[in-house]
Peer 1: 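Sharing a structure below in structure tokens format, with a few things to ask.
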Number of protein chains: 2
Amino acid sequence: MGISRRNFLTAVGSAGGYGALYTTMMGLGLLAAPRAYAGAPKLPAGSGAGRSVAILGAGIAGLVAAYELRKAGYAVTVLEARDRPGGRAWSVRSGSKIIQTGRPDQVVDWAEGKHAYFNAGPARIPQWHHAILGYCQELGVPLEVMVNANRSAKLDFAGQVVTEGRAVNDTRGAFTELLAKAVDKGALDQELTGVDKQKLLGYLSAYGDLSKDNVYAGSTRAGFTASPGGYDHPPKGGDPLRMVDMMKSRFWGASLIFEEIIDMQATMLQPVGGMDRISYALYEQVKPAVKFEAVVKQLRKTKKGVRIVYADASGEHALDADFCICTIPLPVLSKIPSDFSPRVKQAIAAAEYHHGTKVAWETRRFWEQDDFQYGGLGWTDEANELVWYPSGGIGEKTGILVGAYSIGFSGPDSPPRYAGMSFDERFALSRKVIEKFHPGKGQELAKPFTVSWMQTPYNEGVAVGWKDEQRATDYAELCKPDGPFYFAGEHMSYINAWQEGAALSSHEAIKLIQARVSAA
Amino acid sequence: MGISRRNFLTAVGSAGGYGALYTTMMGLGLLAAPRAYAGAPKLPAGSGAGRSVAILGAGIAGLVAAYELRKAGYAVTVLEARDRPGGRAWSVRSGSKIIQTGRPDQVVDWAEGKHAYFNAGPARIPQWHHAILGYCQELGVPLEVMVNANRSAKLDFAGQVVTEGRAVNDTRGAFTELLAKAVDKGALDQELTGVDKQKLLGYLSAYGDLSKDNVYAGSTRAGFTASPGGYDHPPKGGDPLRMVDMMKSRFWGASLIFEEIIDMQATMLQPVGGMDRISYALYEQVKPAVKFEAVVKQLRKTKKGVRIVYADASGEHALDADFCICTIPLPVLSKIPSDFSPRVKQAIAAAEYHHGTKVAWETRRFWEQDDFQYGGLGWTDEANELVWYPSGGIGEKTGILVGAYSIGFSGPDSPPRYAGMSFDERFALSRKVIEKFHPGKGQELAKPFTVSWMQTPYNEGVAVGWKDEQRATDYAELCKPDGPFYFAGEHMSYINAWQEGAALSSHEAIKLIQARVSAA
Ligand SMILES: Cc1cc2nc3c(=O)[nH]c(=O)nc-3n(C[C@H](O)[C@H](O)[C@H](O)COP(=O)(O)OP(=O)(O)OC[C@H]3O[C@@H](n4cnc5c(N)ncnc54)[C@H](O)[C@@H]3O)c2cc1C
Ligand SMILES: Cc1cc2nc3c(=O)[nH]c(=O)nc-3n(C[C@H](O)[C@H](O)[C@H](O)COP(=O)(O)OP(=O)(O)OC[C@H]3O[C@@H](n4cnc5c(N)ncnc54)[C@H](O)[C@@H]3O)c2cc1C
């Protein structure tokens, strides 16, 4: 819009000082870019010849390990309890069967369609996840932009609904007004030694969209009460939220800062057609090595290496190998009989995993068609926590709307509470919140399905939650091989609850195996 | 990432106070959502029967007017000087001819491809542009997300290159530290009457990612110096930029606030395959009414209505009609002989138009393949101002990279300076800045083309720049019909330099015509 663009330029012009051009910036030597990602470890070709590795689990960690080891000539067998690759990277579609411990089975009966999927697990990739994005490039997995922050999305703000744009910009305005006043009255003179105060006030005025006298009196950045238009329709902005009121909302903080977490920063990406496209692309590369519906029952050490006892439809079998990379999630692993050392068993048992529950609906895309909102996250302090609008399939008639993602954004109490609800209670709460965001539309939501990860066999949790102090103890213990056993999976990384962590943990494991093999 | 997510929750938890749940927010009555867009004016069916309208120009304004008037039965003729619809909404592709006054002609010789286009004019649509998005829905124009803010994109910060994420988050950190100190030392006690200071300090700590004692000591939000990984690879963050240094950059303000301008806020959209897809979709609806390569030469009033004299390949012709909607840009219109009233002529002549110049290259998508950056804008205080990465065609081998968009983001001096350069000078500067953002890659840029809107016949400027005081004088004059002549186009709106303004201005014009017809 002309007006705001001009105001913006004027503000920035007077603030930034056009004369400041080409001045040199000091003290930036430390800003070297982080090491570029060099790709997966390049194991020497043929270096694995004659060596066998049993890989337990065909999630991202297992698939990555299998893919890289096979490149180097290792004989790999992947044992996977489920009938599909991907593990937590699970995109639910028409026909998918959802099994939850102690709950009724669900069979998804949505219409089919390229974008008619529900990412029950992972659903976004930040740009700095170079290993995962590197595999997408290497294997030709098509990506598209995933919208994490949408200024038109709604926040359920302690019972009142406001747009993200209003919350973000009224907060910025309120804080900037306060800061400008403190600067102006000299309260920060000590802290601002060497800083041009008038110039700083100019910046602040642009930063918070302050009016004269350093007052934040509302901004069109927070939205219009009447949009500008043709002829005699100038824009009208509303009065801002008052800080005392904003502070009453439990969610004030979370929703405003979320998008700046390094994992959540734009540009976020997603594979076209569902997150499982990455796992399937890796799986295509290692297909002959994978046994599905093969449930690991025992992990044994032998003279030569490992013996893995597993069960499939035809009974129990033993798989012998020189080494094993075990990616089984720790709550599951802790219950499987093994020859692990007592210290390793203790470390496995000590890992705590998080709750996480999602709900998805099939529905007309009313948020686009009626409300002109495209993608993004709606936030609520109810136990379902999030409404997640699809970034794919924009403009289609119907879509899959994620109406709950309860994982602790609003605090630790919601996820267990939401997971504890009956399916119908979960659906009812999800519908209620969507109705708040889109009055009258709640009734259009149909065919809900739900996945709760603590109730999901072979996972029993969203992801590990290492305590800081465990990094030097339990975690460090698992970073060392236990004889022929190497651990991998998101839990074996500093990027927990992300596919990147799973991939990079396997890179570490295969480096250790390779070092051992070449030293032998 | 686990760590930052947990820190984040802890911070927000202690800040927001879980006990604050379900408190009621006061004073929000004023937050009514803006009026929903009710669609284009619904002219009564058949109400235009027997009435003729000459529409001058087949840009968005002319096409929208033609489309809506024809629905109501008006006999419409659209005269368009060019050989294509869309006007400024121009997507340049293989084979496009670019004519610039006083400069050599260019014929684009890029490879063909769905995403191998260069939006020489408009390239993004904000969500609140309901008229334009409404036409996309009505006419089935596929849309996709356009990335306006990318925290991995680079800023050329007074000669030093930093990421947007670092600039944004170090600025926020520095400001929040100052504010927290002022609050802590009681300097704002008067302004904070009724506010829980401890709770506010908690919020601020999360907002700016402050460490204890309200110090901003850097944040992983600003990027890592070493990314976290598997096993023994914890994350490392760098020291923050110092405020005194940041203030030296002319661009500090602009780039940080840009994404919060209501026109620029996420989610931004673009038609799949080029912005001209919207104009072509409208054109498909009104095709029989449009005469291309018909240059308006005179605008006359007659007893019955208007007589438009125009020239085409076969010579001069006259078109008679009851009414005329003139969407010709004012710098062009001011030079066409007409029967407009002296006051209207004066208003037309008084309009000032902005400079705007773009450059586009065909190149390997090295920003994705080598640097894991997907879409977004890179900012420079050099005269080319912007590097604009494509949001479409992610993952393809090559793409069209916009290496200049000089329109005054960094101040009023760059656009005329950049437009004044020779093509080769423009290309050289663009290449230099891209090389700064992506060392070693400048040499991969090939086949540059450039469009400067002040040098573009039938436009002679990017868009109008009404001065505030002109709204009540010149602009108001043009909002009234001059006899049978009605004015439309982006210049006849409060949303200048946007397609939305052009569309909504035509909605106003046809409402006035309809009122006159039904009163007759
Ligand atoms: C709700 C949710 C949201 C998430 N969001 C994101 C996100 O947006 N982006 C992102 O990148 N990551 C996200 N993650 C994290 C990501 O999914 C995981 O970090 C990653 O997929 C873990 O891969 P893995 O190989 O370590 O484990 P898994 O994928 O769990 O693989 C382990 C495998 O072992 C198998 N297994 C278990 N027991 C046995 C047995 N006894 N015998 C044989 N096989 C067995 C399992 O079936 C499974 O296939 C999310 C996860 C969840 C649950
Ligand atoms: C560089 C640039 C970037 C922009 N960015 C955006 C953006 O991101 N998003 C957005 O929505 N908008 C953007 N805009 C603005 C948008 O392009 C315009 O507001 C809109 O397209 C104007 O439509 P119009 O119909 O008013 O004018 P035009 O499109 O200019 O149409 C006027 C028509 O009149 C014709 N004409 C002129 N003289 C004569 C004559 N003598 N006889 C016959 N016909 C004649 C012209 O050929 C032209 O087709 C941008 C514009 C530019 C130039």
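Just so we're on the same page: letters track the sequence lines, and every chain starts at 1.
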Peer 1: Are any side-chain N or O atoms of B:Tyr231 and backbone N or O atoms of A:Ala476, one a donor and one an acceptor, separated by less than 3.5 Å?
Peer 2: no
Peer 1: Which bit of B:Lys185 comes within less than 4.5 Å of chain A, counting heavy atoms only: side chain, backbone, both or neither?
Peer 2: side chain
Peer 1: What part of A:Asn169 gets within 4.5 angstrom of chain B, counting heavy atoms only: side chain, backbone, both, or neither?
Peer 2: side chain
Peer 1: Of all the heavy-atom pairs spanning A:Thr176 and A:Leu204, show the shortest one and how long it is.
Peer 2: CG2-O, 3.1 Å
Peer 1: Pick one of side chain, backbone, both or neither for A:Val195, based on which atoms fall under 4.5 Å of a heavy atom in chain B.
Peer 2: both
Peer 1: Where does A:Glu260 contact chain B at under 4.5 Å (heavy atoms): side chain, backbone, both or neither?
Peer 2: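 The answer is both parts of A:Glu260.
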Peer 1: Heavy-atom pairs under 4.5 Å with chain A - which of B:Leu178, B:Ile394, B:Val272 has more of them than the others?
Peer 2: B:Leu178
Peer 1: Name the region of B:Ala509, side chain, backbone, both or neither, that has any atom closer than 4.5 Å to a heavy atom of chain A.
Peer 2: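 Both parts, backbone and side chain.
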Peer 1: Is the NZ or CZ atom of A:Arg471 both under 6.0 Å from the centre of the six-membered ring of A:Tyr494 and within 45° of that ring's axis?
Peer 2: yes
Peer 1: If you take all heavy atoms of A:Met264 and A:Asn148, which pair is closest and at what distance?
Peer 2: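 That would be O-ND2, 3.1 Å.
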Peer 1: Determine whether a donor-acceptor pair (N or O, by modelled atom type, separation under 3.5 Å) exists between the side chain of B:Glu259 and the backbone of B:Ala266.
Peer 2: no
Peer 1: Between A:Ala182 and chain B, with a heavy-atom cut-off of 4.5 Å, which part of the residue counts as in contact: side chain, backbone, both or neither?
Peer 2: both
Peer 1: Considering only heavy atoms, which portion of A:Gln373 lies under 4.5 Å from any heavy atom of chain B: side chain, backbone, both, or neither?
Peer 2: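 Both backbone and side chain of A:Gln373 come within 4.5 Å of chain B.
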Peer 1: With respect to chain A, which residue among B:Leu269, B:Leu192, B:Asp232 yields the maximal number of heavy-atom pairs within a distance under 4.5 Å?
Peer 2: B:Leu269
Peer 1: Where on A:Gln369 is there a heavy atom nearer than 4.5 Å to chain B: the side chain, the backbone, both, or neither?
Peer 2: both
Peer 1: For residues B:Asp263 and B:Met268, report the shortest heavy-atom separation together with the two atoms involved.
Peer 2: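 In this case the closest contact between B:Asp263 and B:Met268 is O-CE, 3.1 Å.
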